[in-house]
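Read through the structure below, which is laid out as structure tokens, and then see the notes.
Given the structure is predicted, the values throughout are model-derived calculations rather than measurements.
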Amino acid sequence: VFAGMNGSAIENFSCMIYNISFMNCTWRAGRDAPGDTQYFLYWKNSRYDDAMECELYIKDENGRNTGCRFQNVKIEAEEAYFLVNGSSKDSLIQFYDEYIQLYKIEKLMPPSNITVNCDEIKNDCIIQWQQPQISHSNKDKCFKYEISIKYK
């Protein structure tokens, strides 16, 4: 049984990794949380790491923490652990926790150095690109590409 008032834990927790090593996590305050509730995010990237508190909170207009920005995130092979707890003068606040496999929340960069060389005599085109950089692995087999050609 969770200690704390029902409905006081955060809701809609989600995280996304972008630009290779940045991560944003966001949440909504619990619908029944007292107005003075403040939330704090702790996370462990692997079971061998110490839990770390968020260094850069995203705040709403009332100064309440509703998210966290991370830099230099490395994707480990195992699940990362996230915990958001809260405090209030009025009552105990329930905590929220979740395990997330970080590679599943990585938003991939687009391919780079795209070149197109067309030969009108042979009536063909060669399109080349470089695999996007990704945080979790540099294996080609992770990628499927789709080319959309629009004639003008």
Side-chain angles (χ1 to χ4, degrees), residues 1-115 127-150 152:
V1 180
F2 289 126
M5 187 177 79
N6 278 343
S8 63
I10 60 155
E11 301 169 6
N12 286 28
F13 183 79
S14 76
C15 299
M16 182 180 79
I17 291 174
Y18 62 98
N19 281 10
I20 301 157
S21 64
F22 293 92
M23 179 168 68
N24 273 10
C25 295
T26 57
W27 58 83
R28 270 213 325 259
R31 69 192 76 172
D32 296 327
D36 75 329
T37 305
Q38 184 58 287
Y39 294 104
F40 306 95
L41 169 65
Y42 298 87
W43 82 302
K44 289 170 66 145
N45 200 353
S46 81
R47 79 189 84 169
Y48 306 108
D49 290 348
D50 294 328
M52 300 174 287
E53 188 183 352
C54 171
E55 288 182 2
L56 185 60
Y57 282 108
I58 300 165
K59 294 176 182 290
D60 66 12
E61 61 278 2
N62 303 318
R64 179 183 274 179
N65 298 335
T66 56
C68 182
R69 289 197 172 90
F70 300 89
Q71 298 178 338
N72 305 318
V73 173
K74 289 194 171 46
I75 295 183
E76 308 283 345
E78 52 194 292
E79 294 176 313
Y81 174 69
F82 295 84
L83 179 137
V84 181
N85 62 20
S87 67
S88 158
K89 291 193 301 288
D90 297 339
S91 65
L92 285 171
I93 305 301
Q94 289 182 334
F95 70 87
Y96 172 92
D97 65 346
E98 185 177 351
Y99 287 91
I100 297 176
Q101 288 187 292
L102 296 185
Y103 76 87
K104 290 183 176 174
I105 60 165
E106 183 176 9
K107 184 175 181 183
L108 300 176
M109 302 287 286
S112 56
N113 292 342
I114 300 168
T115 58
I127 303 170
Q128 292 178 302
W129 60 86
Q130 275 183 322
Q131 174 187 307
Q133 264 190 293
I134 54 173
S135 178
H136 64 277
S137 121
N138 271 320
K139 303 212 174 12
D140 287 332
K141 69 176 191 293
C142 294
F143 288 94
K144 287 193 174 99
Y145 300 97
E146 186 175 293
I147 299 171
S148 172
I149 298 173
K150 295 185 173 51
K152 293 205 167 152

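To the nearest 0.5 Å, the span separating OG1 on T26 from CE on M16 amounts to 9.0 Å. Taking CG from D32 and OG from S8, the interatomic distance works out to 8.0 Å, rounded to the nearest 0.5 Å. If you take CD on Q71 and CZ on F22, they are separated by 5.0 Å, rounding to the nearest 0.5 Å. Here the CD atom belonging to E106 is positioned 14.0 Å from the NZ atom belonging to K104, to the nearest 0.5 angstrom. Taking CD1 of I100 as the start and OH of Y81 as the end, the distance is 11.5 Å to the nearest 0.5 Å. Annotation: the span from L108 atom CG to Q131 atom CD amounts to 9.5 Å, rounded to 0.5 Å.
At least 2.5 Å separates the SG atom of C54 from that of C25.
With F82 as reference, F13 is the one residue of Y99, Y39, F13 to meet the ring pair (Phe, Tyr, Trp, His ring centres under 6.0 Å) rule.
Here the two rings, on Y96 and W27, have centers that are 6.0 Å apart or farther.
Annotation for L41 and V84: closest pair CD1-CG2, 3.5 Å, computed over non-hydrogen atoms. Heavy-atom minimum distance, S46 versus E76: CB-CG, 4.3 Å. Of all the heavy atoms in I20 and I17, the pair that sits closest is O-CG2, 4.1 Å. What you find for I93 and P34 is that their closest heavy atoms are CD1-CD, 3.8 Å. The minimum heavy-atom distance between N24 and R69, with the atom names listed, is OD1-CG, 3.3 Å.
Judged by distance alone, with hydrogens and angles left aside, the side-chain atoms of D60 form a donor-acceptor pair with the main-chain N or O of N62 at under 3.5 Å. Formation of a donor-acceptor pair under 3.5 Å by the Q38 side chain with backbone atoms of G63 is found in this model.
Side-chain atoms of S88 and D36 include a donor-acceptor pair closer than 3.5 Å.
Within the 4.5 Å cutoff, no side-chain heavy atoms of R28 are placed close to those of T66. Proximity of F70 to N45: side-chain heavy atoms (C-beta onward) are nowhere separated by under 4.5 Å. M23 is listed as a side-chain neighbour of I105, based on a closest heavy-atom distance under 4.5 Å. When side chains are defined from C-beta on, D90 does not count as touching M5, because their heavy atoms never get closer than 4.5 Å. Using a 4.5 Å cut-off on side-chain heavy atoms (C-beta onward), T37 and R64 make contact.
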* Asked: Can you check side chain to side chain contact (heavy atoms under 4.5 Å, CB included) on W43 and V73, steps first, answer last?
  -> CA-CA 12 Å; W43 82 302; V73 173; 4.2 Å; yes

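Atom NZ of K59 sits in a crowded spot, with more than 12 heavy atoms from other residues, nucleotides or ligands closer than 6.0 Å.
Ring pair F40/Y57 is perpendicular by interplanar angle, where above 60° counts as perpendicular and below 30° as parallel.
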